[in-house]
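Here is the structure we will look at, set down as structure tokens.
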There are 2 protein chains.
Amino acid sequence: MESKMSAIRILLADDHTIMRRGLRLLIESQPEFCVVAEASDGRQAVQQAEATMPDVAVMDIAMPNLSGIEAAQRIATAQPATAIVILSMHSDEGYVLRALKVGAKGYLLKDSAEGDLIEAIKAVHQGKTFFSPEISKMLVEDYVREIRARGTEDTYDLLTSREREILQLLAERQSNKDIALALNISVYTIETHRRNLHEKLNLHSLAELILYAVRKGIIS
Amino acid sequence: MESKMSAIRILLADDHTIMRRGLRLLIESQPEFCVVAEASDGRQAVQQAEATMPDVAVMDIAMPNLSGIEAAQRIATAQPATAIVILSMHSDEGYVLRALKVGAKGYLLKDSAEGDLIEAIKAVHQGKTFFSPEISKMLVEDYVREIRARGTEDTYDLLTSREREILQLLAERQSNKDIALALNISVYTIETHRRNLHEKLNLHSLAELILYAVRKGIIS
DNA sequence: CCAAAAATACCAGCCTGTTGGTAGGGTGTT
DNA sequence: AACACCCTACCAACAGGCTGGTATTTTTGG
């Protein structure tokens with residue numbers, strides 16, 4: 001019998017022959033990987049994907065005839081079983097976003113460590129996602145940015161750090177119970193803090209607190 | 001000379017002794033890892049972190065005395081060189097968000113594959129981030145959702161003029177009773193309209209409605 | 001060390017919003 | 001006539017926030 005499970009079948013799409021060569025060598029340095037098709041533009045990529053039904057498609061984002069993104073979209077739609085890894089020189093939000101929206105499971109920068117490509121292929125083949133550290137960082141930062149507190153003036157200065165913390169959680173629409181659990185303190189204590197917030201800010205409902213938080217840039 | 005670079009020094013914090021044991025075994029199965037300290041609550045974790053200056057701190061989110069999050073915050077502030085991996089049973093957005101905000105570099109669910117912890121420790125030690133697949137998925141979805149929400153907005157068109165009127169009054173912080181009086185209709189009718197707003201906009205609280213109104217420019 | 005501030009905790013009662021139903025009357029379309 | 005949609009109206013049950021108290025422990029600063 002076979003000593004290993006069947007190899008991961010890979011489609012490689014990049015308009016630069018040299019790049020493709022390099023990638024192929026890199027990929028096939030792993031015994032469990034097998035490049036079953038190559039394409040030098042988007043349209044070919046879609047055709048090859050149909051013909052060979054690869055497990056993973058590794059594609060450049062910038063290709064003639066049909067862009068990598070569009071090709072990715074068609075492949076993702078027609079063959080959901082094929083996981084797509086985008087290889088790109090760009091770390092712009094726009095590119096990443098579009099790639100994710102069309103269903104790419106991984107996004108790698110071309111200057112990644114070579115090990116990352118190996119990792120990425122394995123990851124997406126297991127249904128996970130994989131991103132270059134820079135991309136990952138960007139995703140996280142974007143996520144956090146929305147909610148991060150900054151503004152410090154007038155009444156806000158009156159608040160203790162605990163109160164600010166609770167204000168933020170309230171603004172994130174967490175209930176007293178949620179907050180109590182998260183901070184590992186009693187619901188009653190949250191009530192007290194809330195009352196102090198009401199008093200210090202001269203606001204007397206959750207709605208007002210949330211609007212205050214919006215104005216302060218604590219949320220959205 | 002040494003055949004390997006010096007080991008990664010790890011602090012382990014979890015209130016359950018058994019869990020700690022298991023984690024320690026798991027971690028020390030890797031020769032390049034070395035657990036240099038253990039803590040069974042948040043305060044101890046902070047102390048141990050100060051005393052041992054570990055490269056990586058692996059900590060549970062729910063601990064007595066000082067929550068894992070709070071402990072993480074203090075450690076991240078006092079020792080930026082220590083990368084923090086949060087271990088948690090919860091995949092709630094709120095928890096993840098808070099962990100990221102206080103500076104955690106990784107977030108793992110307790111039911112992760114054991115390999116993930118190894119990977120996570122290596123990743124954060126290299127300055128990368130690492131998340132359980134579920135968490136990663138959530139971050140990505142959240143990211144895509146946020147951006148898409150800006151591009152395509154049409155839900156507002158679904159509302160009838162009466163519903164818009166009521167939405168506005170709600171956004172002005174008028175109560176059901178106020179509105180009923182102002183429009184000379186029953187409180188029950190307001191309740192119905194409100195429910196329809198909830199359904200059509202897929203929002204389910206006054207707070208959400210008000211935030212929606214802010215985004216739409218209906219108020220402030 | 002002492003006083004003030006902050007954080008914690010509890011209870012009871014009231015008010016409001018939320019959600020599950022249900023339903024009649026008006027209007028406009030097919 | 002049948003249908004869809006909107007506006008209106010009602011009830012009951014439940015969840016949660018808001019406010020009035022009170023009180024202990026921990027932290028902070030002079």
Side-chain angles (χ1 to χ4, degrees), chain A residues 155-213, chain B residues 41-44 46-47 62-67 69-71 73-74 77-78 94 98 154-213:
Chain A
T155 48
Y156 193 62
D157 298 326
L158 291 176
L159 305 184
T160 67
S161 69
R162 193 53 148 178
E163 285 161 355
R164 281 180 203 150
E165 188 177 17
I166 286 170
L167 173 58
Q168 165 141 18
L169 295 170
L170 287 171
E172 286 159 16
R173 273 84 81 212
Q174 299 208 42
S175 69
N176 282 351
K177 204 193 288 178
D178 294 338
I179 299 174
L181 276 171
L183 301 185
N184 203 28
I185 56 181
S186 157
V187 176
Y188 296 117
T189 306
I190 311 294
E191 278 179 10
T192 302
H193 283 308
R194 220 162 153 158
R195 257 186 293 184
N196 292 336
L197 282 169
H198 286 167
E199 202 175 317
K200 287 184 178 177
L201 302 177
N202 194 31
L203 302 172
H204 299 277
S205 72
L206 176 58
E208 301 285 353
L209 285 180
I210 289 186
L211 283 173
Y212 177 84
Chain B
D41 69 41
R43 210 168 296 281
Q44 270 184 39
V46 175
Q47 286 162 358
M63 287 192 294
N65 215 333
L66 195 68
S67 87
I69 293 282
E70 293 220 42
Q73 179 155 40
R74 300 197 188 178
T77 308
R98 298 210 344 117
D154 36 46
T155 46
Y156 192 62
D157 300 330
L158 292 176
L159 305 184
T160 67
S161 67
R162 193 55 147 180
E163 284 161 355
R164 281 179 205 154
E165 189 177 12
I166 287 171
L167 174 57
Q168 164 134 25
L169 295 170
L170 286 171
E172 286 162 11
R173 274 83 80 209
Q174 300 209 42
S175 70
N176 282 352
K177 204 193 288 178
D178 294 339
I179 300 174
L181 276 171
L183 301 185
N184 202 28
I185 55 180
S186 157
V187 175
Y188 297 118
T189 305
I190 312 295
E191 277 178 11
T192 303
H193 283 307
R194 222 162 150 157
R195 258 186 293 184
N196 292 335
L197 283 168
H198 287 167
E199 203 174 317
K200 287 184 178 177
L201 302 177
N202 194 30
L203 303 172
H204 299 277
S205 71
L206 176 58
E208 301 284 354
L209 285 180
I210 289 186
L211 283 174
Y212 177 83

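Throughout, protein chains are lettered first and strands after them, A, B, ... in sequence-line order, and every chain is numbered starting at 1.
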Phosphate contact ([N] OP1 or OP2) by [X] side-chain N/O below 4.0 Å:
X: A:Arg194; N: D:dG17; answer: yes
X: B:Tyr188; N: D:dT8; answer: no
X: B:Arg195; N: C:dG20; answer: no
X: B:Thr192; N: D:dT8; answer: no
X: B:His204; N: C:dT18; answer: no
X: B:Asn176; N: C:dG17; answer: yes

Whole Å only: how far is the [atom1] atom of [X] from the [atom2] atom of [N]?
X: A:Leu206; N: D:dG16; atom1: CG; atom2: P; result: 13 Å
X: B:Ile190; N: D:dA9; atom1: CD1; atom2: P; result: 9 Å
X: A:Ile179; N: D:dG16; atom1: CD1; atom2: C1'; result: 12 Å
X: B:Gln174; N: C:dT16; atom1: CD; atom2: P; result: 14 Å
X: A:His193; N: D:dC18; atom1: NE2; atom2: C1'; result: 16 Å
X: B:Leu183; N: D:dA9; atom1: CG; atom2: P; result: 10 Å
X: A:Glu199; N: D:dG20; atom1: CD; atom2: P; result: 9 Å
X: B:Leu203; N: C:dG17; atom1: CG; atom2: P; result: 17 Å

Quiz item: Would you say B:Glu163's side chain and B:Thr160's backbone share a donor-acceptor pair under 3.5 angstrom?
Solution: yes

Practice problem: For B:Arg173 and A:Glu208, indicate whether the former's side chain and the latter's backbone hold a donor-acceptor pair under 3.5 Å. | Solution: no

Quiz item: If you check every side-chain atom of A:Lys177, which of C:dA7, D:dG16, D:dC18 has the closest atom?
Solution: D:dG16

Self-check item: Minimum-distance nucleotide to B:Lys200 side chain [options: D:dC7, D:dC6, D:dC18]
Solution: D:dC6

Heavy atoms under 4.0 Å, any strand shown: does [X] hit a base, just sugar-phosphate, or nothing?
X: A:Asn196; result: nothing
X: B:Ser186; result: sugar-phosphate
X: A:His198; result: sugar-phosphate

Practice problem: Report the residue (B:Thr160 or B:Glu191) whose heavy-atom-nearest nucleotide on DNA chain D is the more 5′ of the two. | Solution: B:Thr160

Quiz item: Do B:Arg194 and B:Glu191 meet the salt-bridge criterion of a basic N to acidic O distance under 4.0 Å?
Solution: no

Exercise. Specify the closest pair of heavy atoms between B:Ala171 and B:Ile210, including all atoms of both residues, with the distance to one decimal.
Key: CA-CG1, 4.1 Å

Quiz item: More than 12 foreign heavy atoms under 6.0 Å from CD of B:Glu199: is that the case here?
Solution: no

